[in-house]
Participant: 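This is the structure, below, for whatever I ask next.
Just the heavy atoms: all of them, side chains too, but no hydrogens, waters or symmetry mates, feed the values below.
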Amino acid sequence: MRTFLFLLEKEFRQMLRNRQLLSILLIAPLIQLILLPLAADYTVKNIAMAVVDQDHSPSSRRLIEKITSSGYFKLTGYTASYNEALALVQRDKADLVLQIPAHFERDLVKENAKDLYISIDAIEGTKANLGGAYLSSIVSDFNSEIRLQWLGPAAPDATPQVTVAPANWYNALLNYHLYMVPAILVTLVTAMATMQSAFNIVQEKESGTIEQINVTPIRKHWFILGKLIPYMVLSIIVFTLGLLAGWAFYGIVPVGNLLTLYGALIVYLFAMLGMGLLISTYSATQQQAMSLSFFFINIFNLMSGIFTAVDSMPDWAQYIVETFPPSHFIKIMRMVVLKGSDWSDIGYHLGAMALIGLGLNVWAILNYRKTV
Amino acid sequence: MKQLIVFVQKEFLHVFRDRKTLLMLFGLPIAQIVLFGFALSNEIKNSKIVVADYSKDPVTTELTQEIGSSRYFKVTRALESADQIDAAFKRGDIKMAVVFPAHFSDDLTHTGTATLQVIADASDPNQATTVTNYLTEIVGSYNAGLAQASGQPLQIGTQVRMLYNPELKGAPNFVPGVMALVLMLVCTMMTSVAIVREKELGTMEILLVSPFKTVYIIISKLMPNLIISIINLFIILALSDVFLDLPVKGSVWLLLLASFFFILTSLSIGLLLSINAKTQQAAMMNSLMGMMLPTMLLTGFLFPIENMPLPLQWLSNLVPSRWYFIIVKRVMLKGLGFATVWKETLILAGMSLALLTISLRRFKTRLQ
């Protein structure tokens, strides 16, 4: 036990001595946490619209005005032909094209029905879908207005209508930062914990000092524990600083219990440090450890549901995501911070993380014995 | 010149001797492109929802069915009472709850309107807005059906056409984005260790006192990584074509030219990091901790850049992958030509030139 404390002291000292590294570890995450949530805004607004008005009637002008004054669309082109409008779409100057065909007004009156044409740049699925949905609903409002105007109040919408009363719980103002800050904090802690533990043992391998440690009487699990504890402490500090920054810059105060949050964090770090350890047992050089860490962290970042919905993925991908510790911890963070979920609500995710963590650590220890 | 060739040969030997690293440098980017290409999409579909139906009449049954059969929603269960909604949200297993009040059908026929309540879990505001909109759309088309049935006059219809990606797949947006992200980070990371490793091992001193030109040292360090990255690019393009049905619609040569400058820029960033770092660990932490998230967010494939506050929009101009993403989208997906991407290509060329010049300067000052 005493040797272990000495080892722990040595590791802490080494960590504190490396100023360049320490500043990267503490300052870089904080700056990113403060700045990056501002970049993560998916509110679909300012949809750039090009209009091809071949009708030039009072109705077509009124429709265009109604669309642009809705707040969702901005008119970025008013062209004479569809091809000119398409050129704007090609250059990303317009997201969609609204085409009002010639004789739109006249045909509407004569034939009682007439279509508008909407062409959407669908490379970005969500924007396309939402843009189309907004435009359709504006057109249908416009349609009722026209009916009322031309047929008079005597002929109102005689057909029954189902209306929708929407409500937004937990975040009534739809503040996107509330959602992103906790998740970005998780990605920063993830990157730090995984890469640090992945590096450390490899570094000793590369510089040859691991041979020396292996011939000392220290037991391997103490050695590994001595390596992991400083990073666990550092990760908890970064997490705490991150929570404080989230409160100071974004006014985010967790609705749920902090104890729940930190309890889950420790289980999570157990899993991620185990993952880093596992990577280090498979790597011979720092570059290899780095490539592997990068590979997994990148996959975690893009697939754990931080930026895109996991529900929309194909089933096989959803099963894979289930084995990612970050996907569970991000859910826990968002649930506790935003909705005030408690132990029983997060039980499944906590159990999953603990199980995965146990698996990773056992695997790492088995593999460590084999390689050294 | 002979010196240079010998140098480049030496660096190549180093890289190709380390089979494990080489395997990773090729294998990992490819695995990511395939994984992301198949799995990711910005679309929100299959959202799990619950329904609390206090009316249970033909209209609510039909509406529930329409909602459930759309690709956007998956009705997981029926709630007995609306009190259970909060508990379901807190466990995090549903995104939205639909509540039909009692006498729904009666209200619709007698008063002309009936209101259904939609409660979204707005802890995710984007998803909440989207699912609410989708539901409103479904109700809207139900209403349109009612209107048509009663022969309403003056109907304005809309014909919607989805350009470039009619099936609204995720890959067309994510493959260019992930290409830009992965290529840039792998290039930066590979080079970030190049110089600092020699410093750490002490071999740098030997190089610095030798009569070799610093330019040669730098070129020879970049060369193997450049070749590896270009091979990676070819593999990625082939995979996209074969597995993801995303061929290069425009000129392959144009894409290659732009890719060359993009790769060179990314390698130069790594070089600069390497020259400034004291240890390999610091260099790599910088290249990943410092660059991964900003690159991911500021490339523009996850979040629209025009939504960002101005200072971040300016910052995004400095991220090379932002420009490359635009080029790949235009040349590969839309099949456009040089006239639409010359500006972005020029920016990348300028960036690589500037970064290389700075690297060379900083490298020289280390000699003193």
Participant: Can you see whether A:Y170 engages B:D86 through a side-chain donor-acceptor pair at a distance of less than 3.5 angstrom?
Facilitator: yes

Participant: Could you report the tightest heavy-atom contact between A:Y176 and B:D124, atom names first, then the distance?
Facilitator: CE1-OD1, 4.1 Å

Participant: Is the closest side-chain heavy-atom distance between B:T158 and A:L135 below 4.5 Å?
Facilitator: no

Participant: Counting only heavy atoms not in B:K20 (residues, nucleotides, ligands), do more than 12 fall under 6.0 Å from its NZ?
Facilitator: yes

Participant: Most heavy-atom pairs under 4.5 angstrom with chain B, which of A:F142, A:F104, A:F199?
Facilitator: A:F199

Participant: Which atoms of A:V336 are under 4.5 Å from chain B, going by heavy atoms: the side chain, the backbone, both sets, or neither?
Facilitator: neither

Participant: Select, from A:Q32, A:M313, A:E111, the one with the greatest count of heavy-atom pairs under 4.5 Å involving chain B.
Facilitator: A:Q32

Participant: For chain B, which candidate among A:A289, A:A40, A:A28, A:A113 shows the most heavy-atom pairs at distances under 4.5 Å?
Facilitator: A:A40

Participant: Pick one of side chain, backbone, both or neither for A:Y134, based on which atoms fall under 4.5 Å of a heavy atom in chain B.
Facilitator: side chain

Participant: Could you tell me if the side chain of A:N298 sits less than 4.5 Å from the side chain of B:L181, heavy atoms only?
Facilitator: yes

Participant: Is it the backbone or the side chain of B:V160 that comes under 4.5 Å from a heavy atom of chain A, or both, or neither?
Facilitator: both

Participant: I need the minimum non-hydrogen distance between B:F73 and B:V131, along with the two atoms involved.
Facilitator: CZ-O, 3.4 Å

Participant: So which of B:T136, B:L298, B:L185, B:T129 has the largest heavy-atom pair count under 4.5 angstrom toward chain A?
Facilitator: B:L185

Participant: What part of B:M190 lies closer than 4.5 angstrom to a heavy atom of chain A: side chain, backbone, both or neither?
Facilitator: both

Participant: With sequence neighbours excluded, give me every side chain to side chain donor-acceptor pair (under 3.5 Å) pair touching residues 287-310 of chain B.
Facilitator: A:K127-B:E306, B:T299-B:S321

Participant: Salt bridge check, B:K74 against A:D311: does any charged N sit closer than 4.0 Å to a carboxylate O?
Facilitator: no

Participant: Counting only heavy atoms closer than 4.5 Å, note whether A:S137 contacts chain B via side chain, backbone, both or neither.
Facilitator: neither

Participant: Identify which part of B:L336 has an atom lying under 4.5 Å from any heavy atom of chain A, answering side chain, backbone, both or neither.
Facilitator: side chain

Participant: Does the side chain of B:I49 reach to within under 4.5 Å of the side chain of B:I94, using non-hydrogen atoms?
Facilitator: no

Participant: At a heavy-atom separation under 4.5 Å, does B:Q280 approach chain A through its side chain, its backbone, both, or neither?
Facilitator: both

Participant: Heavy atoms only, distances under 4.5 angstrom: which of B:M189, B:Q117, B:E137, B:K329 has the most pairs with chain A? Name it, please.
Facilitator: B:M189

Participant: Out of A:K331, A:R334, A:M192, return the one with the most heavy atom pairs under 4.5 angstrom to chain B.
Facilitator: A:M192

Participant: Return the option, out of B:Y134, B:F174, B:Y142, with the maximum number of heavy-atom pairs under 4.5 Å with chain A.
Facilitator: B:Y134

Participant: Is A:S119 in contact with chain B via its backbone, its side chain, both, or neither, using a 4.5 Å heavy-atom distance?
Facilitator: both

Participant: Need one label for A:R91: side chain, backbone, both or neither, based on atoms under 4.5 Å from any heavy atom in chain B.
Facilitator: both

Participant: Relative to chain B, which segment of A:A317 carries a heavy atom at a distance below 4.5 Å: side chain, backbone, both, or neither?
Facilitator: side chain

Participant: Can you tell me which portion of B:V341 sits under 4.5 Å from chain A's heavy atoms? Options are side chain, backbone, both or neither.
Facilitator: neither

Participant: Which region of B:S47, side chain (C-beta onward) or backbone (N, CA, C, O), has a non-hydrogen atom less than 4.5 Å from a non-hydrogen atom of chain A, or is it both or neither?
Facilitator: backbone

Participant: Taking side chain as C-beta onward, heavy atoms only, is B:L146 less than 4.5 Å from A:Q161?
Facilitator: no

Participant: Given a strict heavy-atom distance threshold of 4.5 Å, which part of A:L292 is in contact with chain B: side chain, backbone, both, or neither?
Facilitator: both

Participant: Identify which of B:T111, B:L23, B:T113 forms the greatest number of heavy-atom pairs closer than 4.5 Å to chain A.
Facilitator: B:T113

Participant: Kindly give the heavy-atom pair with the smallest separation between A:V202 and A:S283, and that separation in Å.
Facilitator: CG2-CB, 4.0 Å

Participant: In sequence, state the C-alpha distance, the side-chain angles, and the governing distance for A:L116 and B:Q159, and then conclude on side-chain contact (heavy atoms from CB on, under 4.5 Å).
Facilitator: CA-CA 6 Å; A:L116 296 166; B:Q159 291 192 18; over 6 Å; no

Participant: Considering only heavy atoms, which portion of A:T285 lies under 4.5 Å from any heavy atom of chain B: side chain, backbone, both, or neither?
Facilitator: side chain

Participant: I'd like to know if A:D92 and B:R330 make a salt bridge, using a cut-off of under 4.0 Å between side-chain N and carboxylate O.
Facilitator: yes

Participant: Side chain, backbone, both or neither: which part of A:L178 has a non-hydrogen atom closer than 4.5 Å to chain B?
Facilitator: neither

Participant: Please classify the contact between A:I346 and chain B as side chain, backbone, both or neither, with a heavy-atom cut-off of under 4.5 Å.
Facilitator: neither

Participant: Side chain, backbone, both or neither: which part of B:L312 has a heavy atom under 4.5 Å from chain A?
Facilitator: side chain

Participant: Looking at chain A, which one of B:Y72, B:F36, B:F301 has the largest number of heavy-atom pairs inside 4.5 Å, strictly under?
Facilitator: B:F36

Participant: Relative to chain A, which segment of B:M292 carries a heavy atom at a distance below 4.5 Å: side chain, backbone, both, or neither?
Facilitator: side chain

Participant: Among side-chain atoms of A:Y117 and B:R161, is any donor-acceptor pair under 3.5 angstrom?
Facilitator: no

Participant: With chain B as the partner, which of A:M195, A:M290, A:K114 has the greatest number of non-hydrogen pairs under 4.5 Å?
Facilitator: A:M290

Participant: Report the residues that fulfil side chain to side chain donor-acceptor pair (under 3.5 Å) with B:D18, sequence neighbours left out, ordered by chain and then residue number.
Facilitator: A:Q288, B:T21

Participant: When you measure from the side chain of A:S312 to the backbone N and O of B:K45, does any donor-acceptor pair fall under 3.5 Å?
Facilitator: yes

Participant: Does B:F104 offer a backbone N or O that forms a donor-acceptor pair with the side chain of B:D107 under 3.5 Å?
Facilitator: no

Participant: Do B:M96 and B:Q127 touch side chain to side chain, with heavy atoms closer than 4.5 Å?
Facilitator: no

Participant: Looking at A:N168 and B:A120, would you say the former's side chain and the latter's main chain have a donor-acceptor pair under 3.5 Å?
Facilitator: no

Participant: Given 3.5 Å as the limit, does a donor-acceptor pair link the side chain of B:N286 with the main chain of B:G290, or not?
Facilitator: no

Participant: What part of A:L338 gets within 4.5 angstrom of chain B, counting heavy atoms only: side chain, backbone, both, or neither?
Facilitator: side chain

Participant: Side chain from CB out, backbone as N, CA, C, O: work out which of these in B:L333 comes under 4.5 Å of a heavy atom of chain A, or both, or neither.
Facilitator: side chain

Participant: Which atoms of A:I31 are under 4.5 Å from chain B, going by heavy atoms: the side chain, the backbone, both sets, or neither?
Facilitator: neither

Participant: What part of B:I305 gets within 4.5 angstrom of chain A, counting heavy atoms only: side chain, backbone, both, or neither?
Facilitator: neither

Participant: Which bit of B:M284 comes within less than 4.5 Å of chain A, counting heavy atoms only: side chain, backbone, both or neither?
Facilitator: both

Participant: Using a cut-off of under 4.5 Å for heavy-atom pairs, which of B:A282, B:A114, B:G92, B:A171 has the most such pairs with chain A?
Facilitator: B:A114

Participant: With a 4.5 angstrom heavy-atom cut-off, is it the side chain or the backbone of B:L293 that approaches chain A, or both, or neither?
Facilitator: both

Participant: Could you have a look at A:I297, A:V162, A:V337 and say which one has the most heavy-atom pairs with chain B under 4.5 angstrom?
Facilitator: A:V162

